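Here's the structure we're looking at; comments come further down.
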Amino acid sequence: MFRIGTFVLHLFQKGVEAEKRAISFLSKLRNELQTDKPVTPLEDELPDAALWNQYLDYQRNLSNGNGGPSWFQSPWLYVECYMYRRIHAALAQNPPIDNFDVFKEGKAQNFFESQEAVIALCTYFQELLKNIKDLDEKQLQEELFKLLQVSLWGNKCDLSFSAGEDSSQKSSPLQSLENMIPYILVNDMEKLWSLLVNAKKRNTEKSNVRVDIILDNAGFELVSDLVLADFLLSSKLADEVHFHGKSIPWYVSDTTKHDFNWTIKQLQSANHMWMSRCGINWEGNLKKGVWVYRDHMFWTLPHDFSSMAEVAPDLYADLQKSNLLLFKGDLNYRKLTGDRKWEYTVPFHQALNKFHPAPLCSLRTLKSDTQAGLKPGQGEQIQASEPEWMVNGKYGVVQFDAAL
Ligand SMILES: O=P(O)(O)OC[C@H]1O[C@](O)(CO)[C@@H](O)[C@@H]1O
Ligand SMILES: [Mn+2]
C-alpha cells in the first residue's frame, strides 16, 4: 500500500514538473511570436525535425538580405504551421505528458455540441441504406450530391477559424442544402459523379475503385466525411476508402488517429439506434479492411503539396493508386495552391503547380484569401457586395482537377 502511494506521488510530481516545463516552453514561444523574433531551428529529436530545419534553410535563402524568416515577415502558411509544430514540441519532449493532445477537449466539445446534427445525419443515412439497392442512377446521383454538400458545409465547423469558440453544427445538416447552392462558387459535383460512374463501369475484379479522403476537422465535419465514405461503399461507387489524418495535434481541430477511433467508438456506444448502427458498421469497415486509416508526417510539414513528390515520394506513390482524392478544408486548399494570391481566374490545374497524383477534388469553405478557377468577374462581383467573402466561411467550392 505504502509502495503504491509513493509511486503515485512520484508520478504526480513528475507530471507537475513536466507541465511546468511545457508552460515555460509555450510562454517562450508566445514571446517570440509577439515580438517578431527570428524563426529558430527545432531543437527536439522528433522524426520530422530535420525536414523542418531544412525548410527553414530554404526560407532563409528565399529571404536573402531581408534578415531571414521571422514571425511577421515570413509566409503565413509557414509560420502558422511552425507554431503548431512548436506547440507539439512543448508537450512531446516532456514525458509523462508527451502524448497529451492540448486540443482534445475542444474537439470533444464540438462533437457533443453537434449531437443533434449527428443524429439527424445518421438517421437520414440509415433510412437511405434501407432501400439503396433499389435506387436508380439518377437517385444515387442526387444522394451523392447531398452527402457531398453536407461534407462541404461540415467544413464550417473548425476550431482554429473560430479561435476555439463554439463552431458546432446546430441545425439539421440536410435541411437548407438547396438554399446554399448559390454559395458554392465552383461546383464540379457532376464531374465527380461521371468519374465514379465510369470507374465503376470499368472496374474488374482485379482493380478496386479506391477513393481517398484527406481529412480535415474532427467533430461534425469528420462524421459528415464518414457518412460520405459509407455511402460510396454502400452504393458500390467505390470498393475502398482510405482516410488520411494528422500524426500530431494540428490547427486545433484537425483529426488524429485518436480522434478518428474515438469518434467511431462514441457513435457505437451512443444511446441512439441509428448513431450506434453507423458506429458499428464503420468499425466493421475498418476490420474488413475496406476502410483504411493512415497518417504521414508530410501532412504536418510546412511544405505545399507541389513538393510532395520530392519530400514524401512514398506518400505520393500511394496517392497515385487512388481513383479519386477528396481534399477537405481550407488548409488543404492553401497547400494545394501554394497559398498564393492567384488571380481568381487562373485555372485550378495551374495553381496546383504539377501536383497531380490522381484525379482530385477540394471540398472547402473559404476562410483564407486564396482562390483560383473562378469565372471572369465572379470574384469581383461578390467582393463588391460582400468584402469578407474569402474569409467568412460562407462560401465554398467543390473544385475538381483531372490528373495529367
Ligand atoms: O480547418 P480548415 O478548414 O483547414 O481551416 C483552417 C483555417 O483556419 C485558419 O487557421 C484561420 O483562419 C487558417 O489558417 C486555416 O486555413
Ligand atoms: Mn482544420
Side-chain angles (χ1 to χ4, degrees), residues 33 71-72 74-88 101-104 106-111 114 148-169 183-185 213-226 243-260 263 295 298-305 325-342 351 360-372 388-399:
L33 192 159
W71 287 92
F72 299 173
S74 296
W76 179 37
L77 179 62
Y78 171 43
V79 288
E80 205 181 10
C81 288
Y82 177 79
M83 177 187 77
Y84 285 102
R85 178 58 177 75
R86 287 275 303 266
I87 295 174
H88 175 61
D101 178 350
V102 285
F103 306 123
K104 192 165 86 180
K107 289 186 270 195
Q109 197 181 339
N110 176 287
F111 175 83
S114 309
L148 281 169
Q149 287 170 77
V150 175
S151 167
L152 163 66
W153 297 122
N155 180 242
K156 280 189 177 190
C157 310
D158 85 276
L159 294 173
S160 83
F161 185 57
S162 59
E165 293 297 307
D166 181 10
S167 67
S168 54
Q169 174 77 29
Y183 294 93
I184 306 181
L185 302 178
I213 305 183
I214 295 76
L215 295 169
D216 188 2
N217 305 301
F220 179 78
E221 180 172 1
L222 175 60
V223 177
S224 72
D225 298 335
L226 295 171
F243 299 94
H244 300 266
K246 305 293 195 295
S247 48
I248 62 176
W250 200 243
Y251 277 69
V252 188
S253 41
D254 285 13
T255 307
T256 61
K257 185 175 189 178
H258 175 273
D259 301 325
F260 187 84
T263 304
D295 51 31
F298 181 79
W299 302 119
T300 50
L301 288 175
H303 304 68
D304 64 52
F305 296 160
L325 310 171
L326 298 175
F327 284 89
K328 292 296 316 283
D330 193 61
L331 177 61
N332 276 329
Y333 194 84
R334 293 171 63 195
K335 288 193 163 188
L336 283 166
T337 56
D339 206 26
R340 299 216 161 74
K341 207 159 174 37
W342 296 103
L360 64 87
C361 183
S362 157
L363 299 171
R364 166 245 187 172
T365 59
L366 279 68
K367 304 168 192 169
S368 58
D369 51 4
T370 301
Q371 183 60 55
E388 297 290 293
W389 67 287
M390 292 190 95
V391 292
N392 61 11
K394 242 169 94 175
Y395 291 85
V397 293
V398 180
Q399 195 163 24

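Atoms within each ligand, like the ligands themselves, are counted from 1 in listed order. Quick caveat: nothing in here was measured; it's all calculated off a predicted structure.
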Quiz prompt | Test applied, side chain to side chain donor-acceptor pair (under 3.5 Å); reference residue, N155; option that passes from D330, N332, T365 | solution =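 Between N155 and the candidates, side chain to side chain donor-acceptor pair (under 3.5 Å) is satisfied uniquely by T365.
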Self-check item: Residue of the set I214, D225, T255 for which side-chain contact (heavy atoms from CB on, under 4.5 Å) holds with K328
Solution: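 So, applying the side-chain contact (heavy atoms from CB on, under 4.5 Å) to K328 and each of I214, D225, T255, only D225 qualifies.
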Exercise. Apply side-chain contact (heavy atoms from CB on, under 4.5 Å) to S74 and list each qualifying residue two or more places apart in sequence or on a separate chain.
Key: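 Scan of S74 (side-chain contact (heavy atoms from CB on, under 4.5 Å), adjacent residues dropped) gives P69, Y78, V79.
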Quiz item: Does N217 bring an N, O or S atom to within less than 2.8 Å of the Mn ion (ligand 2)?
Solution: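 Within the cut-off used here (under 2.8 Å), N217 does place an N, O or S atom near the Mn ion (ligand 2).
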Quiz item: Say you draw a straight line from CZ of F327 to NE2 of H244; how long is it, rounded to the nearest 0.5 Å?
Solution: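 If we round to the nearest 0.5 Å, F327:CZ and H244:NE2 are 8.0 Å apart.
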Exercise. Please check if any side-chain donor atom of S253 sits under 3.5 Å from a side-chain acceptor atom of N217, or the reverse.
Key: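 Yes.
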Exercise. Taking only heavy atoms of G329 into account, list the atoms of ligand 1 that are under 4.0 Å away from them.
Key: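 Every atom of ligand 1 under 4.0 Å from some heavy atom of G329: 3 (O).
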Practice problem: List every atom of ligand 1 that sits less than 4.0 Å from any heavy atom of Y251, numbering the atoms from 1 in the order shown and giving each element. | Solution: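 Heavy-atom distances to Y251 below 4.0 Å select 10 (O), 14 (O).
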Whether [X] side chain and [Y] backbone form a donor-acceptor pair below 3.5 Å:
{"X": "D259", "Y": "T256", "answer": "yes"}
{"X": "N110", "Y": "F220", "answer": "yes"}
{"X": "Q399", "Y": "A372", "answer": "yes"}

Quiz item: Between D254 and ligand 1, is there a nitrogen or oxygen pair with a distance under 3.5 Å?
Solution: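 No, since none of the N or O atoms of D254 sits under 3.5 Å from an N or O of ligand 1.
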Self-check item: D216 N/O to ligand 1 N/O under 3.5 Å
Solution: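 Yes - when backbone and side-chain N and O of D216 are compared with those of ligand 1, one distance drops under 3.5 Å.
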When you look for heavy atoms under 4.0 Å from ligand 1, do you find them on the side chain of [X], its backbone, both, or neither?
{"X": "E80", "value": "side chain"}
{"X": "D330", "value": "both"}
{"X": "R334", "value": "side chain"}

Quiz item: Relative to atom 3 (O) of ligand 1, which among K367, R364, K335, K156 owns the nearest non-hydrogen atom?
Solution: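 Among K367, R364, K335, K156, the closest heavy atom to atom 3 (O) of ligand 1 comes from K367.
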Quiz item: Would you say W76 touches ligand 1, if touching means a heavy atom closer than 4.0 Å?
Solution: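 Yes.
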Quiz prompt | Rounded to 10 degrees, the angle OD1 of D254 makes with OD1 of D216 at the Mn ion (ligand 2) | solution =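 Here the angle at the metal atom is close to 80°, to 10°.
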